[in-house]
Visitor: 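Would you mind keeping the following structure in view while I ask a few things?
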Amino acid sequence: PVAARLYERYREWMEELIRAGIEAGEFSTDDPGRIADLALGLFDGLGLRALLEDPGIDLTRARTLIAQTLAAELEIEAADLSIDMEASQR
C-alpha cells in the first residue's frame, strides 16, 4: 500500500535525523530505530488528540510531552527540542 510505503520513508527519515544528531554529538542513544518509532508514536498519538481538540491535550501540552519524553531518551534538555512558535509562523 502507498500509505505504508510513505510512512516507512517517514520513519527512515526520522531515524536518519537521529543518527545525524548522534554523529554530531548532539544526541546519545544506543538504538536510533527505537527512538524513531517512539517519536512517531508520540507525534501520531498526541498530535491526533490535539487535532481532535481533546480537552486534556492541547497543542502546547502535546509538544511539551513529546519534547520531555524524547529529550530523556536522547539525553538532552527538553528545551533543546522546543521550537519558537512565533518564528515558525512567519
Side-chain angles (χ1 to χ4, degrees):
V2 172
R5 288 193 307 270
L6 289 174
Y7 203 81
E8 181 58 25
R9 286 175 47 195
Y10 178 38
R11 189 218 174 269
E12 289 169 0
W13 173 80
M14 182 62 61
E15 186 174 346
E16 289 170 16
L17 182 68
I18 294 165
R19 287 185 187 281
I22 293 166
E23 291 172 14
E26 296 174 4
F27 302 150
S28 179
T29 181
D30 294 334
D31 193 347
R34 185 182 73 79
I35 303 302
D37 288 334
L38 176 62
L40 295 180
L42 289 166
F43 298 159
D44 289 349
L46 293 171
L48 179 61
R49 288 180 67 189
L51 180 67
L52 296 174
E53 299 180 359
D54 178 333
I57 300 288
D58 64 9
L59 188 55
T60 299
R61 177 89 172 122
R63 285 184 173 141
T64 299
L65 288 171
I66 291 167
Q68 290 172 340
T69 303
L70 293 179
E73 293 288 335
L74 296 169
E75 299 180 17
I76 61 174
E77 295 296 320
D80 294 338
L81 294 176
S82 298
I83 61 169
D84 180 345
M85 288 306 299
E86 290 181 20
S88 71
Q89 294 175 352
R90 289 185 205 143

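Residues take their numbers from the sequence shown, with the count starting at 1.
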Visitor: State, to 0.1 Å, how close L81 and A71 come at their nearest heavy-atom pair, and which atoms those are.
Guide: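 Of all heavy-atom pairs spanning L81 and A71, the closest is CD1-N, 3.6 Å.
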Visitor: For residues L65 and L42, determine if any side-chain heavy atom of one lies less than 4.5 Å from a side-chain heavy atom of the other.
Guide: no
Visitor: Applying salt bridge (Lys or Arg N to Asp or Glu O under 4.0 Å), which residue pairs with at least one partner in residues 16-31 are found, sequence neighbours left out?
Guide: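 For residues 16-31: E15-R19.
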Visitor: Would you mind telling me which of T64, T69, L70 makes a side chain to side chain contact (heavy atoms under 4.5 Å, CB included) with I66?
Guide: L70
Visitor: Quick one: salt bridge (Lys or Arg N to Asp or Glu O under 4.0 Å) pairs with a partner in residues 64-80, sequence neighbours left out?
Guide: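 Residue pairs with at least one partner in residues 64-80: R34-E73.
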Visitor: Could you pull out the closest heavy-atom pair between I18 and A36, with the gap in Å?
Guide: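 Between these two residues, the closest heavy atoms are CD1-N, 3.6 Å.
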Visitor: Do other residues, nucleotides or ligands put more than 12 heavy atoms under 6.0 Å from the CD atom of E8?
Guide: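 Yes - once you tally the heavy atoms of other residues, nucleotides and ligands closer than 6.0 Å, there are more than 12.
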Visitor: Output all residues satisfying side chain to side chain donor-acceptor pair (under 3.5 Å) with D37, sequence neighbours left out; order by chain, then residue number.
Guide: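 R11.
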Visitor: Drop me the distance from R61's CZ to L59's CG, to the nearest 0.5 angstrom.
Guide: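 Interatomic distance, R61 CZ to L59 CG, rounded to 0.5 Å: 13.0 Å.
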Visitor: Just to verify, what does L52 make a side chain to side chain contact (heavy atoms under 4.5 Å, CB included) with, not counting sequence neighbours?
Guide: L48
Visitor: Who passes salt bridge (charged side-chain N to carboxylate O under 4.0 Å, His left out) against D58, sequence neighbours left out?
Guide: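 Scan of D58 (salt bridge (charged side-chain N to carboxylate O under 4.0 Å, His left out), adjacent residues dropped) gives none.
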Visitor: Not counting sequence neighbours, which residues clear side chain to side chain donor-acceptor pair (under 3.5 Å) with Y7? List them please.
Guide: D44
Visitor: Looking only at heavy atoms, which two atoms of Y10 and L40 are closest? And how far apart?
Guide: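 Looking at all heavy atoms of both residues, the shortest contact is CE2-CD2, 3.1 Å.
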